[in-house]
Each structure stands twice: as structure tokens, then as C-alpha cells.
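Accompanying notes for the structure given below.
Worth knowing before you read on, the calculation uses all heavy atoms, side chains too, and leaves out hydrogens, waters and symmetry mates. The sequence lines fix the lettering, A, B, ..., with proteins before strands; numbering per chain opens at 1.
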Amino acid sequence: MKLSSGFWQTYKEVPADAEIPSHRLMMRAGLIQKSAAGIYNYLPFLVRTIRKVEEIVRSEMDKISYEVTMSVVTPGELWKESGRWDVMGGEMLKFKDKRDRDLCISPTNEETITDIFRGVVKSYKNLPTSLYQINTKFRDEIRPRFGLMRGREFIMKDAYTFHADVECMDKTYQDFYDGYCKIFERMGFEYTVVEADAGAMAGPGCKTHEFQVVADTGEDEIIYCKENDYAANIEKAQTKRAKVDFETSDSTLTEVPTPGMATIEDVCNFLKKPQTHSLKSLVYTASYTGKKAREEDILIQLLGDDTLNEVKLKNFLGCDRVLPANDKKLKELGLPVGFIGPHGLTAELRILLDSAVNADAAYVAGALKVDVHYSGLVPSRDITAFETVDLRLSRKGDLTWDETGTVDVRRGIEVGHIFQLGDKYTTAMKATVLDKNGKAMAPLMGCYGLGITRTIAAAVEQNHDENGIIWPVNVAPYHVYFASIVKSDEYKTIAEEIYRELLSAGVEVVYDDRKAGPGFKFKDADLLGLPLRLVFGERNFKESGELEIVERKSGTKHTCKKEDVVSTLQKILSGLS
RNA sequence: CGGAACGUAGCGCAGUUUGGUAGCGCACUUCGCUGGGGGUGAAGGGGUCGGAGGUUCGAAUCCUCUCGUUCCGACCA
């Protein structure tokens, strides 16, 4: 591509709302253009990268799955059939056609694929079945941000598999797991696979893993332990606290005045006790939908310096959502904010004690009266009824569950997520096949997502410096930025020859033949981040008859004769990742 | 959905408090000089100040409504 006749514009400044490097750099490098909140137009250079990522994904998927393309607009009936029309709620973009029929833009495709499957497969003999697509999705995220990282419209590879039994589902799951590893390795990522929470997608007990690209700006927190190879999303992570010193000497239940002290910190400082000698009380309301729709108020007891993991709470209760009680709710229950405790409750509350709490130790806790706390509260003695359950949020310095290692935290970008779904959709949508005995059975399903555009954002997030993007070779829009900085017609002709030679040799090259100074071109080259920059300058060429090649990532410089340009470039490229 | 802020040229911003000719930097166009890290001089083009209504002799500026965007929180394959 020749830049003089090309469509490309870079920028020194970008909109103030671009916060993270990948968003800023993609804007500055002229790769994307915002169309609406969380919706972007993909410009030519980015489209080439998208194609490359798609091809890497395709080549691995084609080994284990068939590619299909599902409709982007899907009928509401399918979602009503699976029961998700109402459950998906806000993030599904719904609308009506001129005949007043419900439609939506696919935020995900379990329903569609199950519909496709049941229309074709009638026998166990066709199992396992594995289908995938690469397509645009739309999720009306409440808060899109960070450019392609969390857009509302995005490109995703999603695959779905159907199985007669668990063994088969496990085997296919492993195939996708391995395939994903290959994909992310080929893209040159530093990534990690973590245990994840399945959320609303799958039933309990089903496997699910996330593929996380390591990056400080990632939105997810990963708990990991090098020694014993443990890694889990913080939502899922189960760890134990490092040794806690419990209070056992003074266990006389005593009221202590704590005027105006409504935080653990204040109370513990005042009483000169470590926060681990206090209990944090949190009040949540759990909602259950469906046939047994109801609400339940929960009082949670954590060690004073621990944080609640809401996902664990939700999973333990098996409810559809949990919400922290607001002031109004607390008033209804007669609970004074800042002085809530588990002893002497009058309201109907289900009490959950975090498993890190030693039920036989003594604690400081709210006394249910404004400006009063208890000291010497012993849960096993002073709380009428409670359940013990792991609810705390893991954190750095914790021990692994088997206590063989210490965990650390780092941030990641979720670029892939694989699930075992069980028979949730096949049962709900009556996608049954006949088994060996001629009996109808609902196949088990797996589903496997990989965000193409998010992966690209992650690639930039992980590969950039202060001057711009540094594309890994396999996903770079082009391989070589050919900056011609010659002036005279004579040399321009030579530059043109070199460009034509590169083209005919099949080198993926951008030819910067614009009327601009060298500095300008070098800045643009760095910003765009192609792996190699080939410089043709009169000064060097006159002196030595050589051109210069600079590696974007390392800054390493090479020189070569004009006739060796193609072979030298190819040689350097083959050594890069 | 709760809280907050912001909409002035393609982008970044000033002007709004105290109503009176719509500005600056980058980008863009033309010409010249320059030519190894966004160089430089001159001359240009581009804005119904998000929209609607109101107050006023006069509104980017004051008032009301509305739309859009962003931030914090909650939410989230």
C-alpha cells in the first residue's frame, strides 16, 4: 500500500475519554473511529489485523469444528423458548419489526445454535457435533469503555458442541482448551488460564476456564500461585488466610460505648485491637426468580479486614441476584448502620459466617444499638443459628486452599472463556436426539467464546511503548514500513523500484512515499508499530549503497544492499515473533 | 439504575462568572525554504457554539425542557 494515495491519518491528540493505552493508541494510529458509545468503525489497517487474528483462530478451530454463520438478528421466540428473553434483560438489544414481531441482535448464540442443531441432528450417531462462527455481537453494556476492550458491538468467535455423555464433553472441552492455548501462543501473548465462575451460563459442577492476557489495565483480577500452578479469577478463587491470631483470652460478652464510630477501622483503633479481632456485618437481600420467587435477607459475618465475594454469596444461595441493603431496607429491619451485629437480632435474618472466622474465638461486633459495640462476642456461643461458608474475597498473601503455597494477584484481560453448559438449552428447547435404544435424550453442550476485537485490544495493551504500538508479527497489519526519505527524482525512481520488488516478492509492505520529513515518517511508523521499518535515505545510500532496517520492538538496526532487501527482510522476519 | 460532570471547527481547548464583531494550538489547502525523529515562513478554507423553547434591543453566555457523551458506583460469557 502506498500512503500517498492511501486513506490514513494519525493524530497527536485523541479524545479525552480514551484512557487506556490500547484505546488511545488505536485512536492515535488511525485504526478505529468512534461511531457511538461503545461502537466503533474499523479502519483499513485494523481490518487487516482483524483478518489475521480471524485466520489464526480459524486455522485452529477448523481442526476441531465446522464453521457456520448464524444470523445476527434473531427472533424473540427462540429466547422465550430458552427462558432468557426476560432474564438477559438490559444487555440484549430488542426491537420489533413492522409486523410487530420481537427481534434482537445476538448478544450470544446458544439459542440459535440449538435451533440449528435440532433442525438437523436427530440421532446420537451425529454426536459429538461441533460448530463455530466468527461474527458480530451486540451487548448493550450499561457502561461500555476502553475502546475495543469493552465495546457494545464487537467481533467474537463462538463455538458450541453437543455430546451424548460427560466423557465426550470432557474430551472436546480439552480439545478447545488446547486449541485456545495454541491460538494465544501464535499471537505471541503472555497469558494465563484460570478457573472461572460460570455465572448464569452453566449449571453447578460444570467446568469453565477463562483465558486471561496479563495486563495492568485488565478489568479482571487473577489470584495465582506459582509454586503449585493455581490460577483462578478472583470471583472464583478459594484461598485461606495466612495465619490469623485469634482472641481467646477475654470472652466475656461486654457492651462498650463507641460514640460515632461506625467503621471497623475507628472501632478497632479506639479499642486498640487488630481488625481481625472484629466481625464485619454485611446485610444483603437475595432475590430468587422463577416458580419460587421470593426475597431473603442475609446477614454476613466476615473478619473485620476481609471483603465479601458477592459471586460466592450468590452461588452459595443459588439465587438470581444479591443486592446490598440500602439505608431504607436497614431501617425496615431495624438495623443501625455502623453498629450491626449478629447477637440479639429481632429481624428474620439468615446468618452466614465466613469460614475464615473462628467460631470459638472472641470478637468485637456491633451491638445493634447506635454508638455501642460488643467485645468478647463468641459466635458459637452468642449467635443463635448460623451457617459457615467460604465467602471472603481472596487477596494477595493468602494461602492456597491446601495451604501449600502463597498466592499473588495480577490483572488480566479476559479474551477467551470456555464452558460446559450441560443440558440446560437442549432440554429447554427440546433439542433431543434418539439414543441407541431409540429413546429421546437431551445432549450435553459446551460453549467456547473468544473475543476477536478484545484480543486485538489486549495485544496492543501488552505490546506497546511510549511511541506507539508494537504488533506481534503474526497479527501486524503489514510487516514492513518502507519509509522513503529521498528527495530527488532519481532516487524516487529507485525507491519505486524497491517497492515494486517488495510487492512482487510478496512482502507485506506499506510504502510511505508522502511528501513529509523523515521525523514525521518515523513518528508515524512507530505509532503504527509494524515489526520492521525499512529506510531508504540518500545520505546513507550515497555513502555505502545500503538501506537501513530497524526492528520496532528491539530497536536493533541492520543494513543491507539494495539487491538484498527482500532476502534480508524475510530473514529478519522469520526470526521475530 | 443511583451520584457527578461535560457538549464551542476533524481533534485538544479558551471564551460562559459580569449578555454586545466566535478565538487559540494541532490537523487540512496553496506556495517557498528545509530534509535522519512530528522542521519552518507566508497566505487560506472550515463553526446555525448539541437541539428546542423562553427572557432581552441583543444570548455561546441567563432560564426551562430535551438529546448526546463521559466519569464514580452498582451491573456483566
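Using atom P as the reference point in both B:rG50 and B:rA9, the two lie 8 Å apart (nearest Å). For the P atoms, the distance linking B:rG23 with B:rG45 amounts to 12 Å, nearest Å. Taking the P atom of each, B:rA52 and B:rA59 are spaced 14 Å apart, rounded to whole Å. Using atom P as the reference point in both B:rU70 and B:rU8, the two lie 14 Å apart (nearest Å). Rounded to whole Å, the P atom of B:rC67 lies 32 Å from the corresponding atom of B:rC57. Separating the P atom of B:rA42 from that of B:rC24 is a span of 14 Å, rounded to the nearest Å. Atom name P, nucleotides B:rA4 and B:rC65: the rounded distance is 15 Å, in whole Å. Across the C1' atoms, B:rG15 and B:rG19 are found 13 Å apart, a figure rounded to whole Å.
Salt-bridge check for A:D178 with A:K182: failed, with every basic side-chain N at 4.0 Å or more from each acidic carboxylate O. Contact check on A:K492 versus A:D513 returns no salt bridge, with no Lys/Arg side-chain nitrogen under 4.0 Å from an Asp/Glu carboxylate oxygen. A salt bridge does not link A:R24 to A:E19: none of the charged side-chain nitrogens sits closer than 4.0 Å to a carboxylate oxygen. Salt-bridge check for A:R395 with A:D306: passed, with a basic side-chain N closer than 4.0 Å to an acidic carboxylate O. Electrostatic pairing of A:K137 and A:E153 does not count as a salt bridge here, judged by no charged N lying under 4.0 Å from a carboxylate O.
For A:H417, counting side-chain heavy atoms from C-beta on, the closest listed nucleotide (B:rG36, B:rG35, B:rA77) is B:rA77. Among the nucleotides B:rC11, B:rU70, B:rA77, the one closest to the side chain of A:F419 is B:rA77. Here the side chain of A:L527 is nearest to one of B:rG38, B:rG12, B:rA77, namely B:rG38. When each of B:rG36, B:rA77, B:rC76 is scored by its nearest atom to the side-chain atoms of A:N540, the top-ranked nucleotide is B:rG36. Considering only the side chain of A:T10, B:rG38 comes nearest among B:rA77, B:rU69, B:rG38. Taking the side chain of A:R539 as heavy atoms from C-beta on, and the options B:rA77, B:rC11, B:rG36, the nearest nucleotide is B:rG36. With B:rG35, B:rG25, B:rG37 as the candidates, the nucleotide lying closest to the side chain of A:E13 is B:rG25. Here B:rU70 is the nucleotide among B:rG38, B:rG36, B:rU70 with the atom lying nearest to any side-chain atom of A:A37. For A:R150, the side-chain atoms get nearest to B:rC76 when compared with the rest of B:rG35, B:rA77, B:rC76.
One can place CE of A:M92 at 15 Å from C1' of B:rC76, the figure rounded to the nearest angstrom. Going from atom CZ of A:R139 over to atom P of B:rC76 covers 13 Å, rounded to whole Å. We find that CG of A:N467 is positioned 13 Å from P of B:rG37, with the value rounded to whole Å. Residue A:Y11 contributes atom OH, which lies 14 Å from atom C1' of B:rA9 at whole-angstrom precision. Distance A:K521 NZ to B:rG39 P: 14 Å, rounded to the nearest Å. For A:H23 and B:rC11, the NE2 to C1' distance is 13 Å, given to the nearest whole Å. When rounded to the nearest whole Å, the span between CG of A:N309 and P of B:rC76 equals 12 Å. If you take NZ of A:K523 and C1' of B:rC26, they are 15 Å apart, rounded to a whole angstrom.
Among the heavy atoms of the strands lying under 4.0 Å from A:V535 is at least one base atom, whether or not backbone atoms are also near. Nucleic acid contact class of A:E310 (heavy atoms, under 4.0 Å, all strands): sugar-phosphate only. Among the heavy atoms of the strands, none lies under 4.0 Å from A:A483. Contacts of A:D220 with the nucleic acid, taken as non-hydrogen atoms under 4.0 Å apart, are absent. Residue-level contact check: A:K34 touches the backbone only, with heavy atoms under 4.0 Å from sugar-phosphate atoms and none from bases. Residue A:E210 is out of contact with every strand shown, counting any heavy-atom pair closer than 4.0 Å. Within 4.0 Å (heavy atoms only), A:R533 reaches at least one base atom of the nucleic acid. Residue contacts shown for A:Y160 include a base, since a base heavy atom lies under 4.0 Å away.
When Watson-Crick and G-U wobble pairs are counted only if both distances are under 3.5 Å, B:rG23 pairs with B:rC13. Nucleotide B:rU48 is matched to nothing when pairs are restricted to Watson-Crick or G-U wobble geometry with both distances under 3.5 angstrom. A 3.5 Å limit on both hydrogen-bonding distances identifies B:rA43 as the Watson-Crick or G-U partner of B:rU29. In this structure B:rU18 sits in no base pair that meets the Watson-Crick or G-U test at under 3.5 Å. Under the Watson-Crick or G-U wobble criterion, with both distances below 3.5 Å, B:rC6 is paired with B:rG68. Across all strands shown, the partner of B:rC62 is B:rG54, judged by Watson-Crick or G-U wobble contacts whose two distances both fall under 3.5 Å. Pair assignment for B:rG38: none, as no Watson-Crick or G-U wobble contacts are both less than 3.5 Å.
Under a cutoff of 6.0 Å and an axis angle of 45°, A:K553 and A:W471 do not form a cation-pi pair.
When all heavy atoms are compared, the tightest approach of A:R533 to A:A525 is CD-CB, 3.9 Å. Scanning all heavy atoms of the two residues, the minimum distance from A:F189 to A:A459 falls at CE2-CA, 3.4 Å.
At a cut-off of 3.5 angstrom, counting only N and O atoms as typed in the model, there is no donor on one side facing an acceptor on the other between the side-chain of A:K12 and the base of B:rG38. No N or O donor and acceptor, one from the side chain of A:R514 and one from the base of B:rG35, sit under 3.5 Å apart. Evaluation of atom-type donor-acceptor distances gives no pair under 3.5 Å for the side chain of A:R28 against the base of B:rG12. Scanning atom types as modelled, no donor and acceptor separated by under 3.5 angstrom connect the side chain of A:Q9 and the base of B:rG10. For A:E538 against B:rG35, no side-chain N or O and base N or O form a donor-acceptor pair under 3.5 Å.
A 6.0 Å sphere centred on NZ of A:K562 holds more than 12 heavy atoms belonging to other residues, nucleotides or ligands.
A residue-by-residue look at A:V322 and A:F146 shows that A:F146 has its nearest nucleotide of RNA chain B further toward the 5' end. Annotation: of the two residues near RNA chain B, A:R152 and A:L450, the 5′-most nearest-nucleotide partner is A:R152.
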Test side-chain contact (heavy atoms from CB on, under 4.5 Å) applied to A:Q133 and A:N109, step by step: CA-CA 10 Å; A:Q133 70 165 344; A:N109 285 86; 3.3 Å; yes
